[in-house]
Amino acid sequence: MKKVVMYTLSTCPWCMRAKKFFREHDIPFEYTDYDKADDETKRAIKEDCLEHGSEMSFPFVKIGDEVVVGYNPEKYAKLLEL
Amino acid sequence: MNTEKRKGQLKKMFSKVVDPLGYKFSSDEELVDFLLEQEVNIEKEKGSPFCPCQGLTGEREHDMKLVCPCIPFHREHYDAMKRCWCGLYVHKNVEDPDNLMQISLQEFLESKNRK
Amino acid sequence: MEKYPFFCDLTGVYMNREKRWIFAIKEDEMADGDKKPLLLEGEKVLLLRKDGDFFAISNKCPHMECPLSKGTLEGHVIKCPCHDWRFDIRSGEFLDAKEIKVPFYETSIMEGSVFVNVEGAGK
Ligand code: FES
């Protein structure tokens, strides 16, 4: 199973929907709320986002080596071969 | 100030801003209410109603472009999605906001360059 | 700017068809680059002097109504103090989306006095 790691915001409904998607499909995932993170974590997340051409738009979802920016259940399912 | 009242004020002010840009509030009332509530809380904490779905960096030039409505600073990208990133606003002719997808900036730029 | 667009009625308000010219300030009370917030007929107006010309716009930012008088003027561009939206004082246009405008008013100078047409907002 590919590992799922997410950067999210505690204020963002699409981040909540993404979490719900993985929960409903019984996919374990890790997430960090960027807005609640300490400065060092924030910096690391920012770098990661910018590297992937995302202007800090959330949710930022890593599935294995692939990145999906935004709430996109079809893409999540495809990458996880659901 | 009480949250409900401030939500109403923001809604009124922002309707006037987005109208000439060809946008309106989404018809998904639950989503709109949730997002406005986040904005009011963010405003209380940070001084401005920043977008609840995009990250602040602490650099003024970056962050000020994320104060709601941030459409003017992301016009082409949002026009391509017919919605703003968080979905608070949609193009005026959108009846069913559920069909509108978030398209990442990178994807948008790639598809633009292909044209 | 029109030169003598009005006639005087007995109330001190200068009239000309749909225009309503209200006395704003003496010309020599403002230096180049100055900003002056005024209350004209109940309207919050910001008067600016730039390169010898006078410009009048609403003092309320179209974004969230912050007072533009507290912003910074560079060339003909005023930047709102709250979230840095920038407007051209010659047209009222928001530089990042021209469809959004801060209402602006005509100005006119007569015998050392500056008048603002308060009927003309946004036109
Ligand atoms: S109130 Fe002027 S830029 Fe926001």
Side-chain angles (χ1 to χ4, degrees), chain A residues 4-22 24 30-79, chain B residues 26 28-46 48-59 61-66 68 70 73-74 76-78 80-81 83-88 97-113:
Chain A
V4 178
V5 178
M6 265 195 278
Y7 302 140
T8 48
L9 288 174
S10 68
T11 50
C12 154
W14 306 96
C15 300
M16 293 168 194
R17 286 181 202 186
K19 289 174 191 165
K20 189 165 165 236
F21 173 90
F22 294 112
E24 277 174 359
E30 286 167 24
Y31 75 89
T32 312
D33 279 334
Y34 172 80
D35 53 329
K36 303 280 179 217
D38 58 42
D39 286 351
E40 205 174 310
T41 314
K42 270 192 184 154
R43 228 173 329 201
I45 292 176
K46 186 180 151 194
E47 252 167 54
D48 214 356
C49 287
L50 295 182
E51 224 166 84
H52 288 89
S54 155
E55 275 203 312
M56 309 277 286
S57 307
F58 295 95
F60 182 98
V61 185
K62 286 196 221 176
I63 301 177
D65 301 328
E66 305 279 340
V67 166
V68 182
V69 177
Y71 175 66
N72 194 325
E74 277 166 38
K75 278 197 186 156
Y76 304 157
K78 205 167 150 210
L79 288 171
Chain B
S26 167
D28 184 338
E29 282 173 30
E30 215 181 301
L31 181 76
V32 168
D33 189 70
F34 180 86
L35 287 166
L36 284 173
E37 181 135 353
Q38 303 309 309
E39 289 190 3
V40 171
N41 293 337
I42 293 170
E43 185 183 43
K44 278 187 198 148
E45 197 189 317
K46 303 199 155 72
S48 297
F50 292 105
C51 175
C53 302
Q54 295 177 81
L56 305 175
T57 63
E59 296 139 300
E61 208 180 315
H62 173 269
D63 292 352
M64 283 306 163
K65 293 191 174 126
L66 297 180
C68 190
C70 67
F73 306 103
H74 307 87
E76 265 193 283
H77 180 199
Y78 292 178
M81 296 189 288
R83 56 172 276 180
C84 68
W85 184 255
C86 71
L88 184 58
D98 288 346
N99 294 332
L100 304 179
M101 295 300 294
Q102 282 182 322
I103 303 166
S104 74
L105 179 66
Q106 193 169 31
E107 262 177 287
F108 160 68
L109 292 174
E110 279 166 10
S111 73
K112 193 180 137 193
N113 290 339

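We name chains A, B, ... by the order of the sequence lines, and we start the count at 1 in each one. Just so you know, these numbers use all the heavy atoms, side chains as well, and skip hydrogens, waters and symmetry mates. Predicted model only: the values in this text are computed from it and were never measured.
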query: Does a sphere of radius 6.0 Å around NZ in A:K78 hold more than 12 heavy atoms from other residues, nucleotides or ligands, not counting ones at 6.0 Å or beyond?
result: no
To the nearest 0.5 Å, atom CE of A:M56 lies from atom OG1 of B:T57 at 6.5 Å
Subject >> Residues, nucleotides or ligands: over 12 heavy atoms within 6.0 Å of B:E59 CD >> reply: yes
Is it the case that more than 12 heavy atoms not belonging to A:Y31 sit under 6.0 Å from its OH atom? no
The interface call for A:Y34 against chain B, heavy-atom contacts under 4.5 Å, is side chain
Flag, side chain of B:W85 to backbone of A:F58, donor-acceptor distance under 3.5 Å
yes
Q. Do B:K65 and A:E55 sit within salt-bridge range, that is, some charged N less than 4.0 Å from a carboxylate O?
A. no
Assert top hit (heavy-atom pairs under 4.5 Å, partner chain A, pool B:G58, B:G87, B:C51, B:C86) equals B:C86
Comparing B:H74, B:E107, B:R83 against chain A, the one with the most heavy-atom pairs below 4.5 Å turns out to be B:R83
With chain B, the option among A:H52, A:K42, A:R43 that has the most non-hydrogen atom pairs under 4.5 Å is A:H52
| Got A:P59 and B:Q102 here, is their nearest side-chain heavy-atom distance under 4.5 Å? | yes
*Test side-chain contact (heavy atoms from CB on, under 4.5 Å) on A:T11 and B:I42 and set out the steps.*
CA-CA 9 Å; A:T11 50; B:I42 293 170; 4.1 Å; yes
The interface call for B:L66 against chain A, heavy-atom contacts under 4.5 Å, is neither
Counting heavy-atom pairs under 4.5 angstrom with chain B, the leader among A:F60, A:W14, A:Y71, A:Y7 is A:W14
To the nearest 0.5 Å, atom CD of B:Q38 lies from atom OG of A:S10 at 7.0 Å
Okay, A:D35 and chain B: the region with an atom under 4.5 Å from a heavy atom over there is neither
Any side-chain heavy atom of B:C53 sitting closer than 4.5 Å to one from A:P13? yes
Take atom CG in A:D38; do more than 12 heavy atoms of anything else shown fall under 6.0 Å from it? yes
